[in-house]
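To start, the structure under review is shown below, and the notes come after it.
By convention here, the first residue in the shown sequence is residue 1. This structure is a prediction, so every number in the text was calculated from the model and none was measured. Just so it is clear, the values below take in all heavy atoms, side chains as well, and ignore hydrogens, waters and symmetry mates.
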Amino acid sequence: MRRFPVVTILLAASALATTPAMAQSNVEGRVGRLESEMRAVQRKVFPGGNAYVEPDNVAAQPQTVIPGTPSASPVADLTARVDSLESQLRQMTGAVETNQHRIDVIEGRLKTIEADAAAARAAAPQPSVTPGGFGNTAADQPPMERPADRPAPARSGGTLEGPTMGDPTRGAPATTNAASTVSVERPETGDPAEDTYLYGYRLWTAKQYPQAETQLKAVVSKYPKHKRASYAQNLLGRSYLDENKPSLASLAFYDSYKNWPDGDRAPESLFYLAQALVKLDKPAAQVCKVYTELQRTYGAKVDADARMKAGVAKGRAASNCS
């Protein structure tokens with residue numbers, strides 16, 4: 001009978017001895033799981049990166065233990081590590097959620113901007129091509145590409161101080177314009193400058209050049225600060241060229257470049273100024289100076305327009321520009 005109490009005592013002592021070991025094992029499992037989750041979150045936040053965020057629970061430097069001072073138990077150390085990992089995980093999760101919210105807000109704003117821009121484009125009545133632009137229609141073809149043009153022989157002299165006024169009617173046809181009887185509708189967009197320019201452009205495409213020139217001059221004189229002023233002055237020169245009046249055309253193109261150097265049609269004005277000078281049999285050096293000024297001032301725009309770039313190269317070659 002005395003053996004049973006002894007056995008009971010031994011079993012109780014064994015159970016008490018294994019309890020800390022089991023507790024330590026459970027904490028080790030928690031630490032391992034949290035560290036694994038932390039690495040997963042770091043891979044999400046830093047995709048493709050190798051430098052993860054280091055935990056702030058770095059082991060302290062060993063210190064001299066004073067004899068008689070009790071040290072912390074392993075369970076307490078593991079518990080501190082778990083608490084630190086949980087705190088870092090919460091902070092990391094909050095940062096990820098905040099960034100995701102910001103991305104959602106930005107995407108929403110972009111969609112709104114795109115929808116507003118599409119609605120504005122749909123509501124604005126615009127022609128299918130940019131009126132008076134470079135190379136949009138058959139009538140818009142550069143004069144240098146027409147069979148009637150011939151390059152002038154190379155001569156010395158000439159500056160870019162503005163073309164010399166010659167006979168305004170030089171080369172003007174004696175026949176009347178057969179298209180003058182065509183009815184042209186005047187647009188109504190609510191913008192007087194825009195309406196006048198578009199009306200002049202439609203008259204120009206209908207080959208009603210004198211009527212078109214009247215409208216284009218009105219845009220330039222009444223609305224010199226409007227965006228269409230550069231367009232109107234350039235198209236005025238185009239109309240003179242189509243009427244075979246290169247002297248007036250050269251003056252119109254030069255005024256477009258001089259008065260609206262930042263206008264949308266300033267590069268085209270210099271390009272067609274060179275063509276007008278060729279028609280006037282001006283020295284090749286003067287033509288080359290215009291091409292040089294065009295490339296120096298508007299090189300990026302010329303390079304962005306394949307047709308204009310090719311036209312400039314062909315014009316320089318025709319005038320033997322170096």
- Task: Starting from the C-alpha separation in whole Å, work towards a yes-or-no answer on side chain to side chain contact (heavy atoms under 4.5 Å, CB included) for V290 and L277.
- Result: CA-CA 9 Å; V290 174; L277 294 179; 3.7 Å; yes
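- Heavy atoms only, all atoms of each residue included: P246 and L241 are closest at CA-CD2, 4.2 Å.
- Here the straight-line distance linking atom CD of Q88 with atom CG of D83 works out to 11.5 Å at 0.5 Å rounding.
- Looking at heavy atoms from C-beta onward, L235 lies out of side-chain contact with R265 at the 4.5 angstrom threshold.
- Considering only heavy atoms from C-beta on, T292 stays 4.5 Å or farther from C321 through its side chain.
- Rounding to the nearest 0.5 angstrom, the gap separating the CG atom in D255 from the OG atom in S250 is 9.5 Å.
- Contact record, S269 with Y257: CB-N, 4.4 Å, taken as the closest heavy-atom pair.
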- Begin with the C-alpha distance, continue with both residues' side-chain angles, and end with the deciding distance and a verdict on side chain to side chain contact (heavy atoms under 4.5 Å, CB included) for V105 and R102. CA-CA 5 Å; V105 171; R102 290 175 179 173; 5.7 Å; no
- Can you check side chain to side chain contact (heavy atoms under 4.5 Å, CB included) on R186 and Q215, steps first, answer last? CA-CA 11 Å; R186 187 181 186 92; Q215 300 300 318; 3.4 Å; yes
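- Of all heavy-atom pairs spanning W260 and P224, the tightest one is NE1-O, 3.0 Å.
- Note that the NZ atom of K258 and the CD atom of Q233 stand 10.0 Å from one another [nearest 0.5 Å].
- In terms of hydrophobic clustering, with Ile, Leu, Val, Met, Phe, Trp and Tyr side chains grouped at heavy-atom distances under 4.5 Å, L270 and V278 are assigned to a common cluster.
- Within the 4.5 Å cutoff, side-chain heavy atoms of L198 are placed close to those of E194.
- Side chains of E107 and L110 form no contact here, defined as non-hydrogen atoms less than 4.5 Å apart.
- Seen from the ring of Y199, R202 does not count as a face-on cation partner, given the 6.0 Å and 45° thresholds.
- At a threshold of 4.5 Å between non-hydrogen side-chain atoms, the residues Q275 and F271 count as touching.
- Rounded to the nearest 0.5 angstrom, L216 CG and R228 CZ are separated by 11.5 Å.
- Residues E114 and K111 are not paired through a salt bridge, judged by the lack of any N-O separation under 4.0 Å between the basic side chain and the carboxylate.
- Considering all non-hydrogen atoms of both residues, C288 and S319 come closest at SG-O, 3.8 Å.
- Y231 is not connected to Y223 by any chain of hydrophobic side-chain contacts under 4.5 Å among Ile, Leu, Val, Met, Phe, Trp and Tyr, and they are in different clusters.
- Using a 4.5 Å heavy-atom threshold, the side chains of R238 and E268 count as separate.
- At a threshold of 4.5 Å between side-chain heavy atoms, the hydrophobic network of Ile, Leu, Val, Met, Phe, Trp and Tyr places V220 and L203 in two separate groups.
- Between Y201 and W204, the ring planes lie tilted relative to each other; the angle falls in the 30° to 60° range.
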- Starting from the C-alpha separation in whole Å, work towards a yes-or-no answer on side chain to side chain contact (heavy atoms under 4.5 Å, CB included) for S221 and K217. CA-CA 6 Å; S221 60; K217 290 177 182 177; 5.7 Å; no
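- A side-chain donor from one of E213 and S239 sits under 3.5 Å from a side-chain acceptor of the other.
- Counting heavy atoms from C-beta on, the side chains of Y272 and P267 never come closer than 4.5 Å.
- To the nearest 0.5 angstrom, K289 atom NZ is 11.0 Å from R296 atom CZ.
- Side-chain N or O atoms of N234 include none that pairs as donor or acceptor with a backbone N or O of S230 at under 3.5 Å.
- Taking the charged nitrogens against the carboxylate oxygens, D264 and K227 do have a contact shorter than 4.0 Å, which makes a salt bridge.
- Considering every non-hydrogen atom in both V312 and Y291, the closest pair reads CG1-CD2, 4.0 Å.
- Remark: the backbone N or O of S322 is paired with a side-chain donor or acceptor of R316 at under 3.5 angstrom.
- Of all heavy-atom pairs between T196 and A218, the closest is CG2-CB, 4.2 Å.
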